[in-house]
Amino acid sequence: MSGVYGRGHSQVNCGSKGSDTHKHKDKYKDKEHRHKEHKKDKEREKIKHSNSEHKDHSEKKHKDKEKLKHSNGSSDKHRERHKEKDKDKEKRREEKIQSSYLDKPKKEKENGYVRDTSPAAIKSEPEEDNGFYPSPHHIKTSKREYDDEEFEHKPKKVKVEHDKKAKKRKHEYEDDEEEEDVKHKKKTKDKKLTEGKKAKKEEEEKWKWWEEERYTDGSKWRFLEHKGPVFAPPYEPLPDNVKFYYNGKPMKLSGPAEEVATFFAKMLDHEYTTKDIFRKNFFKDWRKEMTSEEKCVLTDLNKCNFSEMNEYFKIQSEAKKQMSKEEKLKIKEENERLLQEYGFCIMDNHKERIGNFRIEPPGLFRGRGDHPKMGMLKRRIRPEDIIINCSKDSKHPKPPPGTKWKEVRHDNKVTWLASWTENIQGSIKYIMLNPSSRIKGEKDWQKYETARRLKKCVDRLRSQYRDDWKSKEMRIRQRAVALYFIDRLALRAGNEKEEGETADTVGCCSLRVEHIKLYPKMDEQEYVVEFDFLGKDSIRYYNKIPVEKRVFKNLQLFLENKQPEDDLFDRLNTSILNKHLQELMDGLTAKVFRTYNASITLQQQLKELTCPDENIPAKILSYNRANRAVAILCNHQRAPPKTFEKSMQNLQNKIDEKQSQLSAARKQLKAAKADHKASHNDKSKKAVEVKRKAVQRIEEQLMKLQVQATDREENKQIALGTSKLNYLDPRISVAWCKKWGIPIEKIYNKTQREKFAWAIDMADEDYEF
DNA sequence: GGGCTAACTTAGGAGCCGATAT
DNA sequence: ATATCGGCTCCTAAGTTAGCCC
């Protein structure tokens, strides 16, 4: 990794996973421990520039921590309090979960807006209008269009065709450049129309929602119909010959206990099952499923032997692999059938793909990092747990025979089709549409438009936060320094998290003193800040950057009289920060900076790295390098693939082989040339040409392999997918492809092309983020 | 304004599956 | 024909943000 990746700041981001991380985590374990013992002492903060309004805030922020003012005795008190709080929470959650078990149907929500707007969905299509289907988006302007009759039936025809006369959509958030895009498109579209029906066949499948108007009333749809979720297959008891042993003796388990045991048995090869917390949580929850007799006997997980069960599952999966073609085909067909039946819904006249139509099967919770709840039992979700969301006037999904839904509601202010409450954290899980859907695509597009608006005012914001570094008020200085980190390092906002409920990870606002180190001088550089913390998914962020003197001085000030486990920004949280950002620019939040900086970095890097004369593989390497710069900025890491070394070796072998091929081919060319010199006839001339071509071809192949090797090596611990999918304005990539004649397939695979269909359709080579 | 939490985006890893090597 | 590999899809955890209630 060379300096190519910088964004003009010299920074060394050597975040790492793997063994390093483990060491790191251990370190964190210790710290976590200390963290619990040692609580924040509000009294400590004698901040120089404090004034009255600060106090209010910090008081609240450290509400539970302040009880510890007087170190010793109060620490216990605090812990007690904490425990109580936990208990309270537990209770609340249990209540919540309990209530989700009961199928007391809540009274149907009578949302005015539902009735108000749903008819639009069922607007029948005026045939006489030559293929012009009124867009559901027109509703807001055309209430008069529907009459009562239409209220009660569903769309007669699901639209799979895009509006041929679709009006150009007016996106308030767009700027003028878009205008031209659309004009251009219209031309091509008209051309297509004249091309006749043959060409239309494929075209028909694609609905260009981005050429339609959006809803402006906050509703997400007018009509929604679906078949409900697919439930996890029921538990199949083990055959009698597969035994579980306790203390060396075989023991037949009751159904529920056996099922939970199989969850553990299936994971025996996984590192999880060696972790204490995992084992403890698993055993506790497992015992809840046991009969009272089993509970008496099974008291020690260490005496449990699941290996026969584990073996059985291995054989099963082996057998599955060995199945005949026909059997495999049958399964495939069954999956396809399920997908066709449950994998799609009808939203506003269009058939749309659902993202996750299968309910999560029961199993053991796999929290990431040092998650305090890992190993807990994720219970089986039943129809009685599910809330269905659909149009009132749609064909409601049927619960499996003999069951009921928890509730059926008709809320078109949300995008989900079904939801349930999960039992580990008590949070809600949703069934939503695929990224290729209109509803997700619009949001995605909008996200990039917001980032582009930030581009227009980022200079202003930057000079403002630089000014704020000098503020008299502590809270403003903290806000300004945090914003600087978010902007320059693409840190996440960093919400506060419940201690003990999740892994101890942080983002910008939740950084603690222990996460940064200040070096007035380091090597050649002055004012270096070293970051070392665990971020989302417990991925380590490690970075050293030189900062402006003023930032450095501020940080020193923030650190004064604090303990390692105190908050760095004690006068700041995400809510304060985002409220501030909202005032600076409409729609601005902390994460917009990540999107903006990612996208602008890609654009800059592409400009810098692409050599016009290079061939396509080399250009793609440049693209990947630009992408990599972003992934590094956003700290998107992956565990080096298990087979990394081997696969590199394989590639190297291929390169060696190609190289010897090349020298052989060169020799042949030389010989042919000599031959031609001697004979000077057409035949020998041709032979030279043939050989020359061969050399050229092999050279190209070799080059391609070498590029591939470089790319893979550089990508060892970097994951490009996340930034590609979530942070990079796809129009930048599309424009780049068009500019250099690179097929879009080289950059985006099929799924990605589906997700970014809007961008592929609308961006031309001049697009500027 | 804080606490709570619903709704939605972002995230890495597991495991499947089809292409390619043997 | 079978084994291996690498990309892709699926899965679901873990974030962010807005909005409600008090």
Side-chain angles (χ1 to χ4, degrees), chain A residues 17 53 56-57 59-61 63-64 85 89 92-93 96 218 220 267 270 317 320-322 328 331-332 335 339 355-361 363 365-369 371 373-374 378 387 389 411 413-416 419 421-422 424-430 432-435 439-440 443-444 447 492-498 501-503 505-510 535-539 573-579 581-582 587-592 594-595 598 631 634-639 641-644 646-647 650-651 653-654 708 712 719 721-727 749-752:
Chain A
K17 283 183 81 177
E53 51 186 316
D56 290 350
H57 172 217
E59 221 148 307
K60 274 182 189 144
K61 179 158 182 176
K63 206 162 144 193
D64 50 341
K85 211 170 129 197
K89 263 210 122 149
R92 246 178 297 141
R93 191 166 28 251
K96 198 164 146 193
K220 306 293 170 65
M267 290 179 73
H270 204 288
S317 72
K320 213 176 147 194
K321 270 184 224 153
Q322 299 300 323
K328 278 186 185 165
I331 292 174
K332 214 176 153 186
N335 274 331
L339 173 68
N356 56 326
F357 58 92
R358 287 170 206 274
I359 299 284
E360 297 173 16
F365 178 72
R366 293 153 100 115
R368 315 212 177 117
H371 197 116
K373 298 191 170 185
M374 63 166 76
K378 238 176 74 162
I387 301 173
N389 192 31
D411 183 355
K413 294 275 190 282
V414 297
T415 68
W416 52 269
S419 73
T421 302
E422 153 265 0
I424 304 288
Q425 325 263 5
S427 63
I428 306 171
K429 301 261 189 163
Y430 302 93
M432 290 185 187
L433 296 194
N434 186 278
I439 218 158
K440 295 288 183 189
K443 203 75 188 298
D444 208 36
K447 172 180 77 187
R492 295 186 185 83
N495 287 305
E496 287 132 299
K497 302 169 74 191
E498 198 87 36
E501 296 286 303
T502 57
T505 63
V506 298
C508 186
C509 295
S510 50
K536 181 177 180 179
D537 290 320
S538 294
I539 298 290
N573 61 34
T574 53
S575 160
I576 295 170
L577 181 64
N578 280 335
K579 264 179 201 140
L581 292 175
Q582 190 59 243
L588 186 61
T589 63
K591 86 187 182 82
V592 178
R594 239 167 113 80
T595 311
C634 294
N635 201 39
H636 291 141
Q637 299 188 42
R638 61 168 184 173
K642 284 190 190 85
T643 54
F644 185 82
K646 204 158 122 201
S647 98
N650 286 347
L651 204 52
N653 292 345
K654 275 193 203 167
Q708 203 185 344
R712 194 175 295 177
T722 305
S723 47
K724 205 180 208 175
L725 235 43
N726 300 300
Y727 289 103
N749 69 30
K750 189 163 159 283
T751 317
Q752 293 164 340

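Both backbone and side-chain heavy atoms feed into the values below; hydrogens, waters and symmetry mates do not. Here the structure is a predicted model, which is why all the values come from computation and not from measurement.
- Atom NZ of Lys321(A) is separated from atom C1' of dA14(B) by 13 Å (rounded to the nearest Å).
- Across all strands shown, Lys579(A) has no heavy atoms under 4.0 Å from either base or sugar-phosphate atoms.
- Relative to the side chain of Arg594(A), the nucleotides dC8(B), dG13(B), dA11(B) differ in distance, and dA11(B) lies closest.
- Atom CZ of Arg638(A) is separated from atom P of dG13(B) by 9 Å (rounded to the nearest Å).
- Between Ile576(A) atom CD1 and dA18(C) atom P the separation is 15 Å, expressed in whole Å.
- Rounded to whole Å, atom C1' of dA21(B) lies 9 Å from atom NZ of Lys654(A).
- His270(A) has a side-chain polar atom (N or O) that falls below the 4.0 Å cut-off from OP1 or OP2 of dA14(B).
- As judged by a 4.0 angstrom heavy-atom cut-off over every strand, Gly507(A) is placed among residues making no nucleic acid contact.
- At the phosphate of dA13(C), neither OP1 nor OP2 sits under 4.0 Å from any side-chain N or O atom of Lys373(A).
- Backbone-only contact: Pro361(A) has heavy atoms under 4.0 Å from sugar-phosphate atoms and none from a base.
- Heavy atoms of Thr751(A) sit under 4.0 angstrom from primed sugar atoms or phosphate atoms, though from no base atom.
- Taking the side chain of Lys429(A) as heavy atoms from C-beta on, and the options dT17(C), dA13(C), dA11(B), the nearest nucleotide is dA13(C).
- Across all strands shown, Asn495(A) has heavy atoms under 4.0 Å from base atoms, whether or not it also approaches the sugar-phosphate.
- The residue among Asn650(A) and Lys750(A) whose nearest nucleotide of DNA chain C is located toward the 5' end is Asn650(A).
- With distances taken from any side-chain atom of Asn726(A) to the nucleotides dT10(B), dT9(B), dG13(B), the minimum falls on dT10(B).
- OP1 or OP2 of dT10(B) has at least one side-chain nitrogen or oxygen of Lys447(A) nearer than 4.0 Å.
- When all heavy atoms of Lys373(A) and Phe365(A) are compared, the closest pair comes out as O-CD2, 3.4 Å.
- Distance alone, capped at 3.5 Å, places no donor-acceptor pair between the Gln637(A) side chain and the Ala719(A) backbone.
- If you measure from atom CG of Asp537(A) to atom P of dT10(B), you get 14 Å, rounded to the nearest angstrom.
- Within the 4.0 angstrom heavy-atom criterion, base atoms lie near Lys536(A).
- Among Arg638(A), Arg368(A), Arg492(A), the one residue that satisfies the salt bridge (Lys or Arg N to Asp or Glu O under 4.0 Å) test with Asp537(A) is Arg368(A).
- Taking for each of Ala719(A) and Trp416(A) the nucleotide of DNA chain B with the nearest heavy atom, the 5'-most of the two is the partner of Trp416(A).
- OP1 or OP2 of dT16(C) has not a single side-chain nitrogen or oxygen of Thr589(A) nearer than 4.0 Å.
- No engagement by Ser419(A) is indicated, since no non-hydrogen atom pair under 4.0 Å with the nucleic acid exists.
- The phosphate of dA14(C) (OP1 or OP2) has a side-chain N or O of His371(A) nearer than 4.0 angstrom.
- Relative orientation of the Tyr430(A) and Trp416(A) rings is tilted, given thresholds of 30° and 60° on the angle between their planes.
- Lys378(A) comes within 4.0 angstrom of the backbone, heavy atoms only, and of no base.
- Put simply, Lys443(A) has no side-chain N or O that comes within less than 4.0 Å of OP1 or OP2 on dC8(B).
- Within 4.0 Å (heavy atoms only), Tyr430(A) reaches at least one base atom of the nucleic acid.
- Using a 4.0 Å heavy-atom distance criterion, Arg492(A) is classed as a sugar-phosphate-only contact.
- Atom C1' of nucleotide dA14(B) and atom CD of Glu360(A) are separated by 14 Å, given to the nearest angstrom.
- Remark: Thr722(A) is in phosphate contact with dG12(B), judged by side-chain N or O atoms under 4.0 Å from OP1 or OP2.
- Side-chain contact of Lys497(A) with Ser510(A): a donor-acceptor pair under 3.5 Å is absent, judged by distance alone.
- Which of dT9(C), dG12(B), dA18(C) sits closest to the side chain of Asn749(A) comes down to dT9(C).
- If you measure from atom CE of Met432(A) to atom P of dT9(B), you get 7 Å, rounded to the nearest angstrom.
- Side-chain atoms of Asn356(A) come within 3.5 Å of backbone atoms of Met432(A) as a donor-acceptor pair (strictly under, hydrogens ignored).
- Nucleotide dC16(B) holds its C1' atom 11 Å from the CG atom of Asn335(A), rounded to whole Å.
- Here Thr505(A) lies in heavy-atom contact (under 4.0 Å) with sugar-phosphate atoms only.
- Residues Asp411(A) and Asn389(A) come closest through the heavy atom pair N-OD1, 2.7 Å.
- Along DNA chain C, the nucleotide nearest Arg712(A) and the nucleotide nearest Asn356(A) are compared for position; the residue whose nucleotide lies closer to the 5' end is Arg712(A).
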